[in-house]
**Student:** 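Following this message is one structure expressed as structure tokens.
Counting convention: from 1, in listed order, for ligands and their atoms alike.
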Amino acid sequence: MADYDLIAVGGGIGGSALATVMGRAGYSVLVLEKSEVFEDQVRGEWIAPWGVTEVRRLGLYDLLMGVGGHHLTSHTTYDETLDPAVAEAKTLPLGIFAPDVPGPLCIGHPKHCQTLFDAAAQAGAETVRGVDVNAVSLGAAPSVTFTEAGVTRTARARLVVGADGRNSMVRDAAGVTLNADRPHHMFAGMLVEDVTGWDETRQAIGTEDDFAFLAFPQGDGKVRVYGSYGLGDRARFSGPDGARRFLEGFRVNCSPANRHIADGRPAGPLRSYANNDTCTDTPFAPGAVLIGDAAGWNDPIIGLGLSITYRDVRLLSDLLNGADDWSPELLAPYAEERRERMRRLRFVASIQSSLDAEFGDDARRRRRSYFERSASDPSLGLHAFAVMGGPESAPREIFTPAHRARVLGAETVPTT
Ligand SMILES: Cc1cc2nc3c(=O)[nH]c(=O)nc-3n(C[C@H](O)[C@H](O)[C@H](O)COP(=O)(O)OP(=O)(O)OC[C@H]3O[C@@H](n4cnc5c(N)ncnc54)[C@H](O)[C@@H]3O)c2cc1C
């Protein structure tokens, strides 16, 4: 007899959301979380409209709204090849992508994790934090050995869930390896506070010179900002005044309102990543299943890791709920859906990276040409629809080299 139905290694977004849903359904769940406190790691704080639909389907929407979830309702794309007034005249409403969803949902990552972790406990899961997982044993009798407050214990379960993020131990124990593409650009992020004058319901992106910015207001004068720059420039914001220099990078001509961000105050760490995408065709093994980043992550340039994780949780809980036999065969439909979902999103992220995060004259000409052509042919932007509406919301032919060639024309090698 197992001690639990499920053991989730990792009590972040995926582990705690799954534990909440399965706990509510009456299953016994143990959640093992390494951290003592959820801290700002510069991770996802923007849930796409299709991800909000997943949150709703899981019965978690009211919970997130109750702790300050903040909807964004419009989007502006700025660019050095566009007059700011022209860019703003094309501001896009974001309530058009998913039924009854006013737009993307923003919530601070530490608060998001803590809210779900608490909800899991309320749903009956046993939640333990500050643990060191010593060993994960899979196969017919899965178990996890862990140490908490100096006491070592082995717990057995019908299934171990790897919800332990990018460097997943469960993935290693399951013998699953990820295919990783080459990093495309550097991506740095930081939370900024005391931002006055920026419309708190409007997100924006833009590219100027050798820097591409993204801004997602969180409410209460806070804005989560990101910046993309060349791989060859990886130390660009290092050093004690790196955060200040990063904010100064937002002072661009193409988006005059960015001065409000540049005038704000750093409210958390500045972290940078070399952006890439990873994937596997088989996010499971006998005795284990992987969800969220542990199962492979999408390039953060399109900000979909949370939406992906919530869909993982929904698909997996739907399969497990009510099934007697949790063998790998049961999980095959999850793997199949995820494979195509991640293929499509990898494709979109790659186009978006080439458009927004390549710099120099050729890249500038390419963006200008894209803006001009898409004004008369909106189908050129259908890949971006997949970011907001979900990977299945754009027709199949969008995820092909032919569409990429239509968008980007003759490509150049990224600036490094
Ligand atoms: C710079 C950047 C920006 C991003 N922006 C966005 C965005 O705007 N929108 C979006 O949707 N996504 C975004 N993402 C992606 C998003 O943050 C992730 O996809 C998402 O957090 C994945 O959730 P998860 O539960 O799989 O992993 P995580 O959130 O990483 O949680 C994993 C948990 O497991 C715990 N853990 C790890 N190892 C162990 C262990 N051995 N034992 C016990 N516990 C363990 C960790 O402490 C953590 O709490 C961004 C990512 C990056 C890098």
**Student:** Tell me which protein heavy atom sits closest to atom 37 (C) of ligand 1, plus the residue, atom name and distance to 0.1 Å.
**Tutor:**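 Scanning the protein heavy atoms, the shortest distance from atom 37 (C) of ligand 1 goes to D164 O, 3.3 Å.
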
**Student:** Does at least one non-hydrogen atom of R271 fall below 4.0 angstrom from an atom of ligand 1?
**Tutor:** no

**Student:** So, is V42 polar-close to ligand 1, with some N/O to N/O distance under 3.5 Å?
**Tutor:** no

**Student:** Can the ring centroids of Y4 and Y27 be said to lie less than 6.0 angstrom from one another?
**Tutor:** no

**Student:** Report the part of W46 (side chain from C-beta onward, or backbone N, CA, C, O) that has a heavy atom under 4.0 Å from ligand 1; answer both or neither where that applies.
**Tutor:**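 Near ligand 1, W46 shows its backbone as well as its side chain.
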
**Student:** Give a yes/no on ligand 1: does F146 have at least one heavy atom closer than 4.0 angstrom to it?
**Tutor:** no

**Student:** Is the closest side-chain heavy-atom distance between L6 and W326 below 4.5 Å?
**Tutor:**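 Answer yes - side chains close enough.
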
**Student:** Give the residue and atom name of whichever protein heavy atom lies nearest to atom 23 (O) of ligand 1, and the separation in Å to one decimal.
**Tutor:** T309 OG1, 3.7 Å

**Student:** Check the pair F213, Y226 against ring pair (Phe, Tyr, Trp, His ring centres under 6.0 Å), reporting the backbone distance first and the verdict last.
**Tutor:** CA-CA 6 Å; F213 71 88; Y226 296 104; over 10 Å; no

**Student:** For ligand 1, is any non-hydrogen atom under 4.0 Å from D132's backbone (N, CA, C, O), its side chain (CB onward), both, or neither?
**Tutor:** neither

**Student:** I'd like to know whether ligand 1 has G189 as a neighbour, heavy-atom separation below 4.0 Å.
**Tutor:** no

**Student:** Please confirm whether D293 comes within less than 3.5 Å of ligand 1 when only nitrogen or oxygen atoms on both sides are compared.
**Tutor:**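 Yes; the residue has a nitrogen or oxygen that sits under 3.5 Å from a nitrogen or oxygen of the ligand.
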
**Student:** Regarding N321 and S317, do their side chains bring together a donor and an acceptor under 3.5 Å, going by distance alone?
**Tutor:**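 Absent: no donor and acceptor within the cut-off.
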
**Student:** Quick check: does G15 get an N/O under 3.5 Å from an N/O on ligand 1?
**Tutor:** no

**Student:** Give the contacting part of V133 toward ligand 1: side chain, backbone, both or neither, where contact means a heavy-atom distance below 4.0 Å.
**Tutor:**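 Side chain only.
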
**Student:** I'd like to check V52 versus H71 (side-chain heavy atoms, cut-off strictly below 4.5 Å). Are they in contact?
**Tutor:** yes

**Student:** Does the side-chain contact (heavy atoms from CB on, under 4.5 Å) test come out yes or no for L105 and M65, once each step is laid out?
**Tutor:** CA-CA 9 Å; L105 178 63; M65 290 307 287; 3.5 Å; yes

**Student:** Can the ring centroids of F187 and Y229 be said to lie less than 6.0 angstrom from one another?
**Tutor:**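 That pair fails the under 6.0 Å test.
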
**Student:** Could you pull out, from E36, R43, R129, K34, the option with a heavy atom nearest to atom 43 (C) of ligand 1?
**Tutor:** K34

**Student:** Which bit of I13 gets closer than 4.0 Å to ligand 1, counting heavy atoms only: side chain, backbone, both or neither?
**Tutor:**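 Both of them.
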
**Student:** Spell out, as yes or no, whether a donor-acceptor pair under 3.5 Å connects the side chain of E208 to the backbone of D79.
**Tutor:**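 No, because the side chain of E208 does not come within donor-acceptor range (under 3.5 Å) of the backbone of D79.
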
**Student:** Can you tell me which residue and heavy atom of the protein come closest to atom 31 (O) of ligand 1, and the distance to 0.1 Å?
**Tutor:** G12 CA, 3.8 Å

**Student:** So does R156 get a backbone contact from the side chain of D3, meaning a donor-acceptor N/O pair under 3.5 Å?
**Tutor:** yes

**Student:** In terms of atom number and element, which parts of ligand 1 are under 4.0 angstrom from non-hydrogen atoms of G14?
**Tutor:**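 Every atom of ligand 1 under 4.0 Å from some heavy atom of G14: 25 (O).
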
**Student:** Name the closest protein heavy atom to atom 41 (N) of ligand 1, giving the residue it belongs to and the distance to 0.1 Å.
**Tutor:**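 Looking only at protein heavy atoms, the one closest to atom 41 (N) of ligand 1 is M169 SD, 3.6 Å.
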
**Student:** What do we get for A48 next to ligand 1 when only non-hydrogen atoms under 4.0 Å count, side chain, backbone, both or neither?
**Tutor:**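 Neither part.
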
**Student:** Taking C-beta and beyond as the side chain, do N275 and S353 meet within less than 4.5 Å on heavy atoms?
**Tutor:**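 A side-chain contact under 4.5 Å is absent here.
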
**Student:** Could you tell me whether G303 and ligand 1 have an N or O pair separated by under 3.5 Å?
**Tutor:** yes

**Student:** Between D277 and R343 (salt bridge meaning N to carboxylate O under 4.0 Å), is one present in this structure?
**Tutor:** no

**Student:** So is Y226 in contact with ligand 1, going by heavy-atom distances below 4.0 Å?
**Tutor:** yes

**Student:** Does the E33 side chain pair with the main chain of G10, one donor and one acceptor, at a distance under 3.5 Å?
**Tutor:** no

**Student:** Under 3.5 Å, side chain of T115 to main-chain N/O of K111, donor-acceptor pair present?
**Tutor:**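 Confirmed, T115 side chain pairs with K111 backbone.
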
**Student:** Looking at V170, is its backbone amide N or carbonyl O close enough to the side chain of D164 to form a donor-acceptor pair, meaning the two atoms are under 3.5 Å apart?
**Tutor:**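 It does hold such a pair.
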
**Student:** Return the residue, atom name and 0.1 Å-rounded distance of the protein heavy atom closest to atom 17 (O) of ligand 1.
**Tutor:** G44 N, 2.8 Å

**Student:** Under 3.5 Å, is there a donor-acceptor pair between the W46 and Q203 side chains?
**Tutor:**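 Yes, a side-chain donor-acceptor pair sits under 3.5 Å.
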
**Student:** Return a yes/no value: protein heavy atom under 4.0 Å from atom 12 (N) of ligand 1?
**Tutor:** yes

**Student:** With atoms numbered from 1 as shown, which atoms in ligand 1 lie under 4.0 angstrom from a non-hydrogen atom of L32?
**Tutor:**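 So the answer, numbered in order with elements, is 43 (C), 44 (N).
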
**Student:** Run the contact test for I47 against ligand 1 with a 4.0 Å cut-off on heavy atoms, strictly below, and give the result.
**Tutor:**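 It does not; every heavy atom stays at 4.0 Å or beyond.
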
**Student:** Within the structure, is a non-hydrogen atom of W297 found at a distance of less than 4.0 Å from ligand 1?
**Tutor:** no

**Student:** What protein heavy atom lies closest to atom 32 (C) of ligand 1? Include the residue and the distance to one decimal.
**Tutor:**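 Atom 32 (C) of ligand 1 sits closest to the protein heavy atom A163 O, 3.5 Å.
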
**Student:** Note the single closest protein heavy atom to atom 35 (C) of ligand 1, along with its residue, its atom name and the distance in Å.
**Tutor:**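 The answer is E33 OE1, 3.3 Å.
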
**Student:** Would you mind checking which non-hydrogen protein atom is closest to atom 21 (O) of ligand 1, with the distance to 0.1 Å?
**Tutor:** H109 CE1, 3.3 Å

**Student:** Only heavy atoms of R166, strictly under 4.0 Å: list the atoms of ligand 1 that pass.
**Tutor:** 53 (C)

**Student:** Is there a donor-acceptor pair closer than 3.5 Å between any side-chain N or O of E39 and the backbone N or O of V37?
**Tutor:**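 Absent.
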
**Student:** Looking at R24 and G59, would you say the former's side chain and the latter's main chain have a donor-acceptor pair under 3.5 Å?
**Tutor:** yes

**Student:** Taking N or O atoms only and a 3.5 Å limit, does V9 qualify as a polar contact for ligand 1?
**Tutor:** no

